[in-house]
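When a ligand or atom number is given, it counts from 1 through the structure's own listing order. Along the sequence shown, residues carry numbers from 1.
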Amino acid sequence: RLDKTLCWDGELTVTRHDRETGTSFIIRLDSTRLGPAAGGTRAAQYASFGEALDDAGRLAGAMTLKMAVSNLPMGGGKSVIALPAPRNEIDQGTWKRILVLHAENIDKLGGNYWTGPDVNTNSSDMDLLNDTTEFVFGRSTARGGAGSSASNTSLGVFEAMKATALHRGLGTLDGLTVLVQGLGAVGSGLAVLASQAGARLLVSDTDSERLAWARQAGHDVVEIDNVRSTPCDIFAPCAMGGVIDSAVAGELPASAVVGAANNILADDEAGDILHQRGVTYAPDFVTNAGGAFHLVGREVLGWSEETVGARTRRIGDTLAEVYSIAESEDIDTDRAARILARRRIETAGTHPPHT
Ligand code: NAI
Ligand code: PHE
Ligand code: K
């Protein structure tokens with residue numbers, strides 16, 4: 001596995017291990033062709049170092065595609081902090097040490113990589129990283145950052161859902177059944193928007209407090225193990241990646257898949273199978289770009305909140321373009337979106353190396 005994941009065609013892999021806390025650090029720069037590599041810091045437990053490297057590589061690749069397809073002047077990268085224990089079992093002192101070491105690594109990359117929040121990291125963590133390095137998006141607004149990107153991500157996924165429902169012949173969201181897997185920062189915001197638009201919500205989460213919130217809001221709860229076999233119009237994965245492999249793709253009882261999670265498809269074949277079955281898959285790196293619009297828009301491009309919102313609402317237009325390529329070429333939508341992203345990467349000039 002390690003051999004395989006090290007034969008990767010990205011630009012750079014940085015690793016470090018901290019014996020004191022048992023933590024491994026990975027930063028992978030997939031591409032700086034369109035600008036400095038950007039992508040969040042994910043903190044999680046992994047079964048092996050190879051698995052963590054692999055995840056960082058696939059997540060970094062998704063960032064390259066996301067920035068390119070969204071016309072943002074950034075490349076793609078990602079950090080993975082492979083934790084020695086679940087995040088909620090790590091004490092504050094240890095967590096601080098972990099973030100300082102990670103910030104040192106980022107700083108050594110001299111601006112070729114900009115981080116931001118991802119799973120298990122938030123704005124306060126970005127503030128802490130920023131004590132050591134300047135190359136951080138998504139600090140708290142009190143510290144001059146753009147704050148959380150989650151609500152804008154929810155908005156983008158909602159726009160993607162409306163556009164996909166229309167494309168798939170389902171009409172408006174009013175009366176449709178939407179299954180949201182993961183009611184975290186993004187999924188809960190999406191549930192609110194979809195419900196306001198008249199959708200019936202089915203929800204799932206591993207956290208009982210989130211489920212209590214959902215029940216109070218009048219949503220129906222689906223057991224974790226039944227999520228991928230429960231019939232719905234639109235399945236919205238908003239927890240982790242890899243939820244749809246070929247086997248799931250062959251049976252998923254939904255008309256469309258539109259969610260926030262990065263790398264929803266576990267393999268290339270899954271996209272093909274969904275396509276053959278007429279299940280419309282909204283490519284994740286197009287759908288979940290609201291976070292990138294928020295962070296890069298506010299902090300690099302000087303956009304107002306209004307501009308960020310307006311640009312995010314156009315995710316539906318980008319998807320319409322993707323669906324049109326998929327139809328005219330008779331290919332699955334993930335491939336079509338990659339074609340659109342690569343067109344931009346190939347026509348752009350090379351970003352000058354950082355000096
Ligand atoms: P979060 O950590 O706030 O929420 C994740 C939720 O999923 C939690 O409530 C957790 O309990 C739940 N969960 C975990 N495992 C589950 C399982 N097996 N079944 C059901 N629920 C489960 O994370 P956030 O920020 O909402 O992000 C969600 C996804 O969207 C992640 O994959 C992230 O990479 C992606 N994303 C987030 C962006 C952002 O701006 N926050 C931007 C683009 C993508
Ligand atoms: N982690 C989020 C994503 O996957 C938000 C993010 C975007 C973080 C851009 C850093 C840079 O899109
Ligand atoms: K987070």
Could you say whether the N/O atoms of Asp118 and ligand 2 ever approach to under 3.5 Å?
yes
Is Met63 close enough to touch ligand 2? Criterion: a residue heavy atom under 4.0 Å from a ligand atom.
yes
List every atom of ligand 2 that sits less than 4.0 Å from any heavy atom of Asn262, numbering the atoms from 1 in the order shown and giving each element.
4 (O)
Show the atoms of ligand 1 that are less than 4.0 angstrom away from any heavy atom in Arg210.
9 (O)
Taking atom 32 (O) of ligand 1 as the point of reference, which of Ala185, Gly184, Ala260, Ala239 owns the nearest heavy atom?
Ala239
Give the atom numbers and elements of ligand 1 that come within less than 4.0 Å of a heavy atom of Ile224.
19 (N), 20 (C)
Can you tell me if Asp91 has over 12 outside heavy atoms packed within less than 6.0 Å of its CG?
yes
The answer for which part of Asn152 has a heavy atom under 4.0 Å from ligand 1 is neither
Are the charged groups of Arg33 and Glu11 less than 4.0 angstrom apart, N to O?
no
In terms of side-chain heavy atoms, does Ser148 have a donor or acceptor partner in Asn122 at a distance below 3.5 Å?
no
Heavy-atom nearest option to atom 21 (N) of ligand 1, drawn from Val119, Asp205, Asn288:
Asp205
Enumerated ligand 1 atoms positioned under 4.0 Å from heavy atoms of Ser204:
20 (C), 21 (N)
Rounded to the nearest 0.5 Å, what separation is found between the CG atom of Asn105 and the OG1 atom of Thr115?
11.0 Å
Please determine if Arg28 forms a cation-pi arrangement with Trp8, meaning its NZ or CZ atom is less than 6.0 Å from the six-membered ring centre and no more than 45° off the ring axis.
yes
Within 6.0 angstrom of Glu51 CD, more than 12 heavy atoms from elsewhere:
yes
Does only the side chain of Leu183 get under 4.0 Å from ligand 1, or the backbone, or both, or neither? Count heavy atoms.
backbone
Show me the donor-acceptor pairs, under 3.5 Å and distance only, between side chains in residues 208-216 and residues at least two apart or in other chains.
| from | atom 1 | to | atom 2 | distance (Å) |
| --- | --- | --- | --- | --- |
| Arg210 | NH1 | Leu183 | O | 3.2 |

Pick whichever of Pro117, Ser70, Gly116 has a heavy atom sitting closest to atom 2 (C) of ligand 2.
Pro117
Contact atoms of ligand 2, heavy-atom distance to Lys66 under 4.0 Å
3 (C), 4 (O), 12 (O)
Can you tell me how the ring of Trp114 sits relative to the ring of Phe135, calling it parallel under 30°, perpendicular over 60° and tilted otherwise?
perpendicular
Can you tell me which portion of Met74 lies within the under-4.0 Å heavy-atom range of ligand 2? Options are side chain, backbone, both, or neither.
neither
What residue among Leu301, Leu34, Val300 forms side-chain contact (heavy atoms from CB on, under 4.5 Å) with Leu72?
Leu301
Taking only heavy atoms of Ser149, which atoms of ligand 1 are found under 4.0 Å from at least one of them?
39 (C), 40 (O)
Below 4.0 angstrom, N of the basic side chain to O of the carboxylate: do Asp284 and Lys66 qualify?
no
Note: ligand 2 atoms sitting under 4.0 Å from heavy atoms of Lys78 are 1 (N), 4 (O)
Salt bridge check, Asp233 against Arg168: does any charged N sit closer than 4.0 Å to a carboxylate O?
no
His294 side chain vs Ala150 backbone, donor-acceptor pair below 3.5 Å
no
Measure the distances from the heavy atoms of Met67 to every atom of ligand 2 and state whether one is below 4.0 angstrom.
yes
For ligand 1, indicate whether the residue His294 contacts it via side chain, backbone, both or neither (heavy-atom separation under 4.0 Å).
neither
Please report which non-hydrogen protein atom sits nearest to atom 6 (C) of ligand 2, along with the residue it belongs to and the distance in Å to one decimal place.
Leu295 CD1, 3.5 Å
Looking at Thr333, Thr280, Thr318, Thr164, which hits side chain to side chain donor-acceptor pair (under 3.5 Å) with Tyr323?
Thr164
Could you establish whether His294 and ligand 2 come within less than 4.0 Å of each other, counting only heavy atoms on the residue side?
no
When only distance counts, is Lys66 in polar contact with ligand 1, meaning an N/O pair under 3.5 Å?
no
May I ask you to list the atoms of ligand 1 that are less than 4.0 angstrom from any heavy atom of Met240?
18 (N)
Quick one: which ligand 1 atoms are inside 4.0 Å of a heavy atom on Thr153?
38 (C), 39 (C), 40 (O), 42 (C), 43 (C)
Check whether any N or O atom of Gly187, backbone or side chain, sits under 3.5 Å from an N or O atom of ligand 1, and answer yes or no.
no
Heavy atoms only, cut-off 4.0 Å: how does Cys238 contact ligand 1, side chain, backbone, both, or neither?
backbone
Are the side chain of Gln181 and the backbone N or O of Val227 linked by a donor-acceptor pair below 3.5 Å?
no
